[in-house]
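Below is one structure, written out as C-alpha cells, with a few remarks after it.
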Amino acid sequence: MLTIKKEIDNTLTISQSEFFTIAYPDSSVWAVVEDLRKKFDVPEGIGTIFYSAPSYLDDECKEEYMPEQFGASDRKSDAGGKALAVISQIEDNDDLIGGVLYEYIYPNDSIYVTNEQGKTVFSLAGIK
C-alpha cells in the first residue's frame, strides 16, 4: 500500500492507494484528460476532473444502467504556471459513483509518495 500526500491548491490530502498514475504532457493519459476537458468545454487552468463512462445492462450497450458522469472544479490559488502533470486515481466505493479523478499538478503544488516502510518512492515538488 502506498501513502500519497498531495498539497494541491492550498489543500493537503493524504490517502492510501495500491496504485496511481502520473501523466505528463505528451503522454496518452494526458491526451485523454485534455480530450475530456475540451469535450465538456472546461477552460485551461482547471483543478480537477472526475469522469465515469456510461454503464450498460446488456452486452450490446443499448440498455443504459448509468449515464456518463462528469465534474470539474476550479483552482482557488495561484497555480504558478502551466500544468506540469496529472495524477489520476480510481474512485470506487459503495458511496460514490465509480470513475476516475484527475488532478492537474502545477508548479506551486507538491506530491510525495511513500511505501509501507515510510520511504519516499516518488516526489514532484517545487518545480518552476
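Checked against the 6.0 Å centroid threshold, Phe70 and Phe40 count as a close aromatic pair.
Under the side-chain hydrogen bond (donor to acceptor under 3.5 Å, both in side chains) criterion, the residue pairs touching residues 34-50 are Glu34-Arg37, Glu34-Tyr104, Lys39-Glu68, Thr48-Ser73, with sequence neighbours excluded.
In terms of heavy-atom proximity, Asp58 sits nearest to Glu63 at OD1-N, 2.8 Å. Closest of all the heavy-atom pairs between Val33 and Tyr102 is CG2-CD2, 3.2 Å. Residues Ser110 and Ala125 come closest through the heavy atom pair CB-CB, 3.4 Å. In this structure, Arg75 and Gly47 approach most closely via the heavy-atom pair CG-CA, 3.7 Å. The minimum heavy-atom distance between Glu64 and Pro54, with the atom names listed, is OE2-CB, 3.8 Å. Closest of all the heavy-atom pairs between Glu18 and Leu2 is O-CD1, 4.0 Å.
Considering CZ of Phe19 and OG of Ser88, their distance stands at 8.5 Å, rounded to 0.5 Å. Taking OH from Tyr106 and CG from Asp9, the interatomic distance works out to 9.5 Å, rounded to the nearest 0.5 Å. If you take OH on Tyr24 and CD1 on Ile105, they are separated by 7.5 Å, rounding to the nearest 0.5 Å.
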Is there a side-chain contact (heavy atoms from CB on, under 4.5 Å) between Glu103 and Val86 once you walk through the steps?
CA-CA 5 Å; Glu103 291 181 271; Val86 170; 6.0 Å; no
Please walk me through it: do Asp74 and Lys76 pass side-chain contact (heavy atoms from CB on, under 4.5 Å)?
CA-CA 6 Å; Asp74 292 331; Lys76 303 300 181 206; 4.1 Å; yes
Start with the C-alpha distance between Val113 and Thr120, add both sets of side-chain angles, then the distance that settles side-chain contact (heavy atoms from CB on, under 4.5 Å), and finish with yes or no.
CA-CA 6 Å; Val113 180; Thr120 300; over 6 Å; no
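Counting heavy atoms from C-beta on, the side chains of Val100 and Tyr51 never come closer than 4.5 Å. Counting only heavy atoms from C-beta outward, the side chains of Val121 and Thr114 never approach each other to under 4.5 Å. At least one side-chain heavy atom of Lys6 sits under 4.5 Å from a side-chain heavy atom of Gln89. Looking at Ile87 and Ile111, their side chains come closer than 4.5 Å, going by heavy atoms from C-beta outward.
Counting non-hydrogen atoms of other residues, nucleotides and ligands closer than 6.0 Å to CG of Asp59 gives a total of 12 or fewer.
Put simply, the side chain of Glu116 gets close to the backbone of Met1: a donor and an acceptor are under 3.5 Å apart.
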